[in-house]
Number of protein chains: 2
Amino acid sequence: MLSEQPIQSIRKTIQGYEKEDKAYIAVDCIIFGFDLNEEELKILLVQRDFEPQKGEWSLMGGFLKKDENLDEAAARVLYQLTGLYDIYMEQLGVFSEIDRDPADRTVSIAYYALINIIDHNQEMVDHHSAQWFNLSEIPRLIFDHNKMVNSAIQRLQYKASVQPIGFELLPEKFTMRHLQKLYEAILQRELDKRNFTKKINALDILIKLDEKDKESSKKGSFLYTFDKEKYLQKRAEGFVFKI
Amino acid sequence: MLSEQPIQSIRKTIQGYEKEDKAYIAVDCIIFGFDLNEEELKILLVQRDFEPQKGEWSLMGGFLKKDENLDEAAARVLYQLTGLYDIYMEQLGVFSEIDRDPADRTVSIAYYALINIIDHNQEMVDHHSAQWFNLSEIPRLIFDHNKMVNSAIQRLQYKASVQPIGFELLPEKFTMRHLQKLYEAILQRELDKRNFTKKINALDILIKLDEKDKESSKKGSFLYTFDKEKYLQKRAEGFVFKI
DNA sequence: TTTGATAAGTGTAAAAATTACATTTAAAAT
DNA sequence: ATTTTAAATGTAATTTTTACACTTATCAAA
């Protein structure tokens, strides 16, 4: 059998894959943030300030380097724009149409990130001419970036309903209203307040603090935090998050 | 603003991305088939017959070429092994650890395919020393292929429960039992026969034929086909498949 | 022709989950 | 004291899911 193998099969394994084509590998990030004042879910876009397509909006991106894997590249790209690290990110998928990038054959891997919107470094964001956009007001983006955004929204809707990742978009302490408005923004439908509270309380993964948020009303509303320890414990015992 | 841009940003756009690293891009396929006799879900693996790692099991793979996108590359790789085309395939994700392939920096995109197991070209399969393995008996695979397989099983479990892709694994005509055993194999749990039938009938997307399959019992059991037209019609009207 | 064997086919009741819906309460401002 | 504002809270109806067992059609063997 071995003697029948074409020589390049052996070359492939031992010396590399010289006969194959290479391509550039990019990473593009859909960065989600939740604006607590407007109660709107937003994404952070950068404006190209060089030709061609100067002035057009784009996802923040970068190229995969020799010495990093894709998760690392995505984290690096996010850091470059926001100054944030240790952020929840998830790979969405690969976009590989031949001419998606007119400059050169590049396949791009889309990632989405969930950040607490007030944490980002405003200077770095300004430096990239970046801006937050409501989901309903996303402009036309370069290349196939609108497809990536749509894919990210879909994935977020699914993921947020089966894993407690919504908290990544909120500050450490939040009110029940914040949480509900967040899920309404993600799922793009209104939720019943009493049923929502009931469901969240039944999950039993929040800690109700003694503290109140007095911003929104005279009465004030109690603040909560996500009890990650408890969630992990429960999950280990077979509990599944579901909203 | 333009004048402040570093020169390579302009070069990038106009001439390509010379300063960036390139990599090989591979595609690996998790090929699922459902064995109606054994009532087992299986995947098709190929055996490396060249050094190094000769004799080890692997997913069928190939490299992305200049003139094709990843979906096309995946379809080509599937065709090379099975002789099948126009097959349901879905991208799973990218595997990009730096040293995942010892021969050269290669990122691989995993795809899974669902085929009617009796359709494949046995000669082509034999030619690649390929073999079907039960999900519970997957051997150790090269590189990160075991991770890919696990990821595929998870994705299939999710996808098959929210989209009618199970039929891709069955022949044109199948019995209610076939369908139930298939879902049991995918979901890896037993289902109640009466509840299952009730649920499937409620979906109202199958056509019950006058024909019976007499293989399995004296009485014989009615054959069904998936009514794709009807499903697409219903989906357009807001119906969502759910098992 | 009767009997036995085999898997197919079928319904109902209990439990759980989801939905719809309106009033009272706390606190600040006037 | 009165007004204003959003927070907090429970119940009943509906829908969905689950558990569960006997009859039927057909062939093969006695």
Side-chain angles (χ1 to χ4, degrees), chain A residues 36-39 157 160-162 170-171 173-185 187-225 234 238-243, chain B residues 35-40 157 160-162 170-171 173-185 187-225 234 238-243:
Chain A
L36 284 177
N37 298 316
E38 297 182 26
E39 299 184 333
Q157 288 182 347
S161 68
V162 298
L170 293 174
K173 302 173 182 180
F174 51 85
T175 66
M176 204 50 95
R177 178 188 177 104
H178 290 151
L179 191 60
Q180 181 180 341
K181 292 299 171 188
L182 170 65
Y183 274 96
E184 289 181 345
L187 303 175
Q188 293 178 183
R189 61 191 170 91
E190 299 210 334
L191 301 172
D192 178 90
K193 182 167 62 159
R194 277 176 291 187
N195 292 340
F196 183 80
T197 308
K198 203 194 307 179
K199 191 167 239 173
I200 295 293
N201 285 332
L203 292 175
D204 187 31
I205 51 175
L206 294 190
I207 297 169
K208 184 175 189 171
L209 304 176
D210 288 334
E211 229 173 310
K212 277 189 167 184
D213 171 23
K214 307 295 281 277
E215 299 287 305
S216 57
S217 79
K218 322 280 167 98
K219 186 178 176 179
S221 62
F222 280 104
L223 289 164
Y224 293 80
T225 54
K234 292 184 73 163
F239 165 81
V240 285
F241 179 93
K242 188 84 188 69
I243 278 192
Chain B
D35 185 320
L36 285 176
N37 298 314
E38 297 183 25
E39 298 184 334
E40 289 264 17
Q157 288 183 346
S161 68
V162 297
L170 293 174
K173 301 172 183 182
F174 51 86
T175 68
M176 204 51 96
R177 180 189 175 105
H178 291 150
L179 191 60
Q180 181 180 341
K181 292 299 170 186
L182 169 65
Y183 274 96
E184 289 181 347
L187 302 175
Q188 292 178 185
R189 61 192 170 90
E190 299 210 334
L191 302 172
D192 179 88
K193 183 169 57 158
R194 278 176 291 186
N195 292 339
F196 183 78
T197 309
K198 203 193 310 174
K199 191 169 240 174
I200 295 293
N201 285 331
L203 292 176
D204 187 30
I205 51 174
L206 294 190
I207 297 168
K208 185 176 188 171
L209 304 175
D210 288 334
E211 232 172 313
K212 276 190 168 185
D213 171 22
K214 306 296 282 278
E215 299 285 304
S216 57
S217 78
K218 323 281 167 100
K219 186 177 177 181
S221 61
F222 281 104
L223 288 164
Y224 294 80
T225 53
K234 291 185 73 162
F239 166 80
V240 285
F241 179 94
K242 188 83 190 68
I243 278 193

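All chains are named by letter (A, B, ...) in the order of the sequence lines, taking the proteins before the strands, and each is independently numbered beginning at 1.
Taking a cutoff of 4.0 Å between a charged side-chain nitrogen and a carboxylate oxygen, E211(A) and K173(A) qualify as a salt bridge.
Under a 3.5 Å cut-off, the side chain of K234(B) and the backbone N or O of L203(B) do form a donor-acceptor pair. The closest donor-acceptor contact from the side chain of K181(A) to the backbone of M176(A) lies at 3.5 Å or more, if one exists at all.
Separating the CG atom of D192(A) from the P atom of dA17(C) is a distance of 18 Å, rounded to the nearest angstrom. At whole-Å resolution of the value, NZ in K218(A) and C1' in dA27(C) are 8 Å apart. At whole-Å resolution of the value, CZ in F222(A) and C1' in dA26(C) are 10 Å apart. Between the P atom of dA8(D) and the CZ atom of R177(A) lies a distance of 11 Å, rounded to the nearest Å.
For the OP1/OP2 pair of dA7(D) and a distance below 4.0 Å, the side-chain nitrogens and oxygens of S216(A) include at least one atom meeting the criterion.
Contact of K219(A) with dA27(C) (side chain to base): no donor-acceptor pair of N or O atoms is detected under 3.5 Å. A donor and an acceptor atom sit less than 3.5 Å apart, one in the side chain of K198(B) and one in the base of dT12(C).
Within the 4.0 angstrom heavy-atom criterion, base atoms lie near K193(B).
Looking at which nucleotide of DNA chain C each of N195(A) and G220(A) is closest to, the 5′-most match is held by N195(A).
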